[in-house]
Amino acid sequence: QVQLVESGGGTVQSGGSLRLSCAASGYTASRDCMGWFRQAPGKGREGVAVIDRDGNTYYRDSVKGRFTISQDNAKNTLYLQMNSLKPEDTAMYYCAAGPAYSSGGYCVLAEYAMDYWGKGTLVTISS
C-alpha cells in the first residue's frame, strides 16, 4: 500500500509564492513516478508536473518557468514550489504516485498513469 499526505496549501495573492509538500509512505516500487495534479471546480483533474527517481521532470506548458517539482528520496517527500502565482492556478492540488512506463521506464503526466492519490490541499490565489 501507498499513502500520500499533502500539506502547504493556503491563500496567497497574485504574484506570490507557495510551496506544497507531500509525505509518502509504503512500497517504493509502486511510486517510481511522483506527480502533482490539480482540479478546479467544474473541471477535470489535470497534470501539473511529474518527476522520476532520477530527477527527470515534466511540466504542463502553463506552469513552465513558474513551478518546480522536486523530491527528497531520503525523506520520502515530494515538493512543488510555485512562484508568480495567478488566479487560474486556484485549485485543489493532489499528490499522486504510480509506476514508470514499462517501455522505456519514463513517467507519464496523465491521470491514468497514477495509482495512488492524496486527499488534496487547497490553493487559492486572490487578486
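Predicted, not measured: the structure shown is a model, and the values here were computed from it. Values reported hereafter were calculated over all heavy atoms of this structure, with side chains retained and with hydrogens, waters and symmetry mates removed.
- Taking both residues in full, the closest heavy atoms of S21 and T77 are given as CB-CG2, 4.4 Å, listed atom of the first, atom of the second, then distance.
- Here the CZ-CD distance, from R38 to E88, works out to 8.0 Å after rounding to the nearest 0.5 Å.
- Clustering ILVMFWY residues whenever any of their side-chain heavy atoms sit less than 4.5 angstrom apart, transitively, puts I51 in a cluster other than the one holding V108.
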Test salt bridge (charged side-chain N to carboxylate O under 4.0 Å, His left out) on K86 and D89; report intermediate values, then the result.
CA-CA 5 Å; K86 306 174 181 179; D89 293 318; over 6 Å; no
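- Side-chain contact between L78 and I69 is present, with heavy atoms from C-beta onward closer than 4.5 Å.
- To the nearest 0.5 Å, atoms CH2 (W36) and SG (C95) are separated by 5.0 Å.
- A distance-only check finds a donor-acceptor pair linking the side chain of D52 to the backbone of D54 [under 3.5 Å].
- Residues M34 and A97 share a closest heavy-atom pair of SD-CB, 3.4 Å.
- Counting only heavy atoms from C-beta outward, the side chains of D115 and P99 approach each other to under 4.5 Å.
- Y93 and L20 get closest at one heavy-atom pair: CB-CD1, 3.6 Å.
- Put simply, OH on Y79 and CG on D72 are 5.0 Å apart, with the number rounded to the nearest 0.5 Å.
- The number of heavy-atom neighbours closer than 6.0 Å to CD of Q13, taken from other residues, nucleotides and ligands shown, is 12 or below.
- Considering CG of L85 and OG1 of T11, their distance stands at 11.5 Å, rounded to 0.5 Å.
- Taken to the nearest 0.5 Å, the CG atom of D32 stands 14.5 Å off from the OH atom of Y106.
- In this structure, F37 has its ring center no closer than 6.0 Å to that of Y94.
- Taking CD from E111 and CD from Q39, the interatomic distance works out to 7.5 Å, rounded to the nearest 0.5 Å.
- Under the 4.5 Å side-chain heavy-atom criterion for Ile, Leu, Val, Met, Phe, Trp and Tyr, Y59 and V123 are members of the same hydrophobic cluster.
- Across every non-hydrogen atom of A91 and A40, the tightest pair is CB-N, 3.9 Å.
- By the neighbour-count criterion of 12 heavy atoms within 6.0 Å, atom CD of Q81 is densely surrounded, having more than that number from other residues, nucleotides or ligands.
- Nearest heavy-atom pair, C33 versus A100, reported as atom, atom and distance to 0.1 Å: SG-CA, 3.6 Å.
- By the criterion of side-chain heavy atoms lying less than 4.5 angstrom apart, applied directly or through intervening Ile, Leu, Val, Met, Phe, Trp or Tyr residues, M92 is not grouped with F67; the two fall into different hydrophobic clusters.
- L80 is connected to L18 through a chain of hydrophobic side-chain contacts under 4.5 Å among Ile, Leu, Val, Met, Phe, Trp and Tyr, so both are in one cluster.
- Residues V12 and V63 share a single hydrophobic cluster, defined by chaining ILVMFWY side chains whose heavy atoms lie under 4.5 Å apart.
- Pairing each heavy atom of Y116 with each of L4, the nearest pair is O-CD1, 3.5 Å.
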